[in-house]
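Heads up, the thing below is written out as structure tokens.
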Amino acid sequence: MSTPAPAASPALPDGPAPAAGPVPLGDIFLTFLVIGATSFGGGVVAYLRNALVLQKGWLDEERFLSALEIAQALPGLNATNMSVIVGDRLRGTIGAVIAFLGMTLPGAALVMVLGVLYASNAHNPYVNAALIGVGAASVGMLSAVTLQIGRKQLGNVVDVGIIVATVVLVSVLHVSLVWVLLVVGPAAVLIYRPRPGAPTKGGEAP
């Protein structure tokens with residue numbers, strides 16, 4: 001009598017497993033404190049993705065993109081908006097406050113110190129060269145994370161058209177970002193609005 005073959009174990013998703021319980025507030029504060037202390041300029045998006053998606057597993061790629069889209073559409077810095085959104089998702093209002101403090105404390109303290117130092121060394125060519133290097137690194141990191149997560153937003157011609165229209169309006173025609181959001185945003189919502197009987201991402205009609 002042959003023995004039944006053991007059932008195949010389900011494939012595990014890449015990255016760390018999600019936390020079994022609520023994320024500790026101290027972990028939220030420390031994570032955003034490190035991001036705020038080590039990220040530079042526009043490259044903060046790369047740090048956020050690396051910490052929240054790849055290391056901690058608090059968000060998957062889709063939820064990270066959704067949070068980033070909301071953060072970019074709201075007034076204020078993307079990094080601080082992201083900290084509030086993610087903190088609220090993890091632990092509610094107190095999580096949002098803790099994440100916001102962690103993200104902003106290092107930058108606020110560092111800017112105050114660097115502001116004093118730069119005021120007394122503004123004409124030093126080495127200081128200016130260092131700032132140019134930091135700016136170049138930020139552009140490089142932002143370009144890298146754009147290539148990594150941007151592929152998910154380029155699913156069809158309509159996606160590319162919305163992106164091109166936004167770039168042309170802001171960078172070429174110099175239209176105010178507020179007006180671009182008021183025009184392109186509702187147009188994108190209208191295009192991608194749920195339609196009765198349309199299949200969802202799981203392949204079934206709602």
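This is a predicted model, so every value here is computed, not measured.
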Linking I/L/V/M/F/W/Y whenever their side-chain heavy atoms sit closer than 4.5 Å, directly or via other members, would Y126 and I132 fall into one cluster? no
Report yes if the side chains of I162 and Y192 come closer than 4.5 Å at any heavy-atom pair, otherwise no. yes
Looking only at non-hydrogen atoms, find the nearest pair between S83 and A99 and report the distance. O-CB, 3.2 Å
By side chain to side chain contact (heavy atoms under 4.5 Å, CB included) - contacts of D27 (at least two apart): V23, P24, T31, K56, W58
Here the pair of heavy atoms bringing F32 nearest to L48 is CE2-CD2, 4.1 Å
Rounded to the nearest 0.5 Å, what separates atom CE in M82 from atom CG in L59? 6.5 Å
Under 4.5 Å side-chain linkage, directly or through intermediates, the cluster mates of I70: L74, I85
Between atom OG1 of T80 and atom CG of L77, what is the distance when rounded to the nearest 0.5 Å? 4.5 Å
Output for pair (I98 CD1, L90 CG), nearest 0.5 Å, gives 12.5 Å
Is any side-chain heavy atom of D60 closer than 4.5 Å to a side-chain heavy atom of V53? no
Minimum heavy-atom separation for W179 and V175, please, with both atom names. CB-CG1, 4.0 Å
Distance, nearest 0.5 Å, that separates CD of Q55 from CG of L52: 9.0 Å
Let me check something: do V183 and V158 share a hydrophobic cluster, defined by ILVMFWY side-chain heavy atoms less than 4.5 Å apart, either directly or through other members? no
List in chain and number order the residues that pass side chain to side chain contact (heavy atoms under 4.5 Å, CB included) with N78, two or more places apart in sequence or in another chain; answer none if no residue qualifies. Q72
Please name all residues satisfying side chain to side chain contact (heavy atoms under 4.5 Å, CB included) with L181, sequence neighbours left out, ordered by chain then number. L177
In terms of hydrophobic clustering (I, L, V, M, F, W, Y; side-chain heavy atoms under 4.5 Å; direct or indirect links), are V178 and V184 co-clustered? yes
Exam field: side chain D88 to backbone G95, donor-acceptor pair closer than 3.5 Å: no
Sequence neighbours left out, cut at 3.5 Å: what donor-acceptor pairs do the side chains of residues 102-116 make with other protein atoms?
from : atom 1 : to   : atom 2 : distance (Å)
T104 : OG1    : F100 : O      : 2.8

Identify whether L173 and L182 are in the same connected component of the hydrophobic contact network (ILVMFWY, side-chain heavy atoms under 4.5 Å). yes
Determine, using the 4.5 Å side-chain heavy-atom cutoff (strictly less than), whether I191 and V160 are members of one ILVMFWY cluster. yes
With sequence neighbours left out, what residues match V172 under side chain to side chain contact (heavy atoms under 4.5 Å, CB included)? V168
Check whether any side-chain N or O of R193 sits under 3.5 Å from a backbone N or O of L190 as a donor-acceptor pair, and report yes or no. yes
